[in-house]
Amino acid sequence: MTDTGTDHTATLREHVIAERTRLAELLAALTPRQWDAASLCAGWRVREVVAHMTMPYRTSTPAFLRGIIAARFSFDRYADRAARADTARLSDAELLASLRDNIRHPWRPPGGGVAGALSHDVIHGLDITEPLGLPPAPPERIAAVLENSTAKSLRYFGVDLAGRRLEATDASVGIGTGTPISMSAKDILLTVTGRRPLPVE
């Protein structure tokens, strides 16, 4: 008998490894100017996004707890401070090495599991590739993120689909209920994470 839960987790894990590998290869080809370019994360350049993505690999639990307490238990405030501190002390090459050296790292966000790790890498990958005009993650990987999205995770981004259903044209996935609107899986993910405005019907 096949353990479908185990198979699903293994598939997500394969996507995580593949996405980190893909991003490491893309980042290795960036110029200093591209590392300094604005990302889709307000106030962060590409290098701050990479610092944030790799922060879990360098941060111990005690250090995280000290940081989150100092940030008055605001994760966003803590993450911003940590990313800026890391880019001040680490070179772009060191940030890239942090990603390369941890492609198979088992980190998972609290309560997010492997699906949360994949979402973290794919979404922040788009924060880098979109403004630079670089290729996004493949549609099937983005679809895996969307398929594992929960109402709670979408509320975090403050996006209300308001009676609309976004259906992918390049993958078998959709999100929301109501009037169907067709777009790529990438554009759906950018929309539901607040990185792109909701389409006008």
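Every value quoted in this text rests on a predicted model; they were computed, and no experiment measured them.
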Looking at Arg84 and Ala79, would you say the former's side chain and the latter's main chain have a donor-acceptor pair under 3.5 Å? no
Any donor-acceptor N/O pair, Asn102 side chain to Ser98 backbone, under 3.5 Å: yes
Working to the nearest 0.5 angstrom, can you tell me the gap between Ile181 CD1 and Asp187 CG? 12.0 Å
Give a yes or no on whether the backbone of Ala71 and the side-chain of Ser74 come within a donor-acceptor separation of less than 3.5 Å. no
Between Arg20 and His105 (side chain of the first, backbone of the second, donor and acceptor by atom type, cut-off under 3.5 Å), is there such a pair? yes
Smallest heavy-atom separation, Pro131 atom then Ser39 atom, equals CG-CA, 3.9 Å
For residues Val49 and Leu30: do they belong to one hydrophobic cluster (side chain heavy atoms under 4.5 Å, members Ile, Leu, Val, Met, Phe, Trp, Tyr)? yes
Closest heavy-atom pair, Ala143 versus Ala171, reported as atoms and distance to 0.1 Å, is CB-CB, 3.8 Å
When you look at CZ of Arg89, are more than 12 heavy atoms from neighbouring residues, nucleotides or ligands closer to it than 6.0 Å? yes
Taking all heavy atoms of Leu118 and all of Val145, pick out the closest pair and write down the distance. CG-CG2, 3.9 Å
Within-4.5 Å side-chain heavy-atom neighbours: Leu198 and Leu161: yes
Glu25 side chain to Arg22 backbone, donor-acceptor under 3.5 Å: no
Full working for side chain to side chain contact (heavy atoms under 4.5 Å, CB included) between Arg100 and Thr21: CA-CA 7 Å; Arg100 275 180 168 160; Thr21 301; over 6 Å; no
Any Pro197 side-chain heavy atom under 4.5 Å of Thr191 side chain: no
Test side chain to side chain donor-acceptor pair (under 3.5 Å) on Glu167 and Ser182 and set out the steps. CA-CA 5 Å; Glu167 297 182 345; Ser182 298; 4.8 Å; no
Mind checking whether Met55 and Trp35 sit in one hydrophobic cluster, side chains of I, L, V, M, F, W, Y counted as touching below 4.5 Å? no
Under 3.5 Å, side chain of Arg13 to main-chain N/O of Arg104, donor-acceptor pair present? yes
Could you check whether Arg141 pairs with Glu19 (Lys NZ or Arg NE/NH1/NH2 to Asp/Glu carboxylate O, under 4.0 Å)? yes
Are the side chains of Leu65 and Thr61 in contact, using a 4.5 Å heavy-atom criterion? yes
Side-chain touch His124/Asp127, heavy atoms, less than 4.5 angstrom: yes
Are any of the side-chain nitrogens in Arg195 or Glu130 under 4.0 Å away from the carboxylate oxygens of its partner? no
For a side chain to side chain donor-acceptor pair (under 3.5 Å) check, start with the C-alpha distance between Trp44 and Asp80, then their side-chain angles and the critical distance, and finish with the verdict. CA-CA 8 Å; Trp44 282 3; Asp80 185 62; 2.7 Å; yes
How many angstroms lie between CZ in Arg196 and OG1 in Thr193, if you round to the nearest 0.5 Å? 9.5 Å
With rounding to the nearest 0.5 Å, note down the distance linking NZ in Lys186 to CG in Leu189. 10.5 Å
With heavy-atom distances below 4.5 Å as the criterion, would you say the side chains of Leu190 and Leu40 are in contact? yes
Hey, quick one: are Ile17 and Leu12 part of the same hydrophobic cluster, counting side-chain heavy atoms closer than 4.5 Å, chains of contacts allowed? no
Any chain of hydrophobic side-chain contacts (each under 4.5 Å) joining Leu134 to Val122? no
Look at the rings of Tyr78 and Phe64 and say which category their plane angle falls in: under 30° parallel, 30 to 60° tilted, over 60° perpendicular. perpendicular
Would you indicate whether the side-chain heavy atoms of Thr169 and Met183 approach each other to under 4.5 Å? no
For the student: nearest non-hydrogen atoms of Ala37 and Leu132, plus distance: CB-CD2, 3.8 Å
Heavy-atom nearest pair, Arg164 first then Asp160, reads NH2-O, 4.3 Å
Any chance you could measure Ile128, atom CD1, to Met53, atom CE, to the nearest 0.5 Å? 5.5 Å
Point-to-point distance, once rounded to the nearest 0.5 Å, from CG of Asp170 to CD1 of Ile188: 8.0 Å
Fit a plane to each ring of His52 and His120, take the angle between them on a 0 to 90° scale, and name the class: parallel (under 30°), tilted (30 to 60°) or perpendicular (over 60°). tilted
Is the backbone of Gly176 close enough, under 3.5 Å, to the side chain of Arg165 for a donor and an acceptor to pair up by distance? yes
Establish whether Val50 and Trp107 are linked, either directly or via other cluster members, by ILVMFWY side-chain heavy-atom contacts under 4.5 Å. no
With rounding to the nearest 0.5 angstrom, report the OG to CG distance, Ser119 to Asn148. 7.0 Å
Nearest heavy-atom approach of Ala144 to His15 is CB-CD2, 4.2 Å
Might you work through the side chain to side chain contact (heavy atoms under 4.5 Å, CB included) test for Gln34 and Thr31, ending with a clear yes or no? CA-CA 5 Å; Gln34 288 174 310; Thr31 65; 3.4 Å; yes
Checking side chain to side chain contact (heavy atoms under 4.5 Å, CB included) for the pair Leu90/Arg58: CA distance, chi angles, key distance, verdict? CA-CA 12 Å; Leu90 298 172; Arg58 297 186 302 274; 3.7 Å; yes
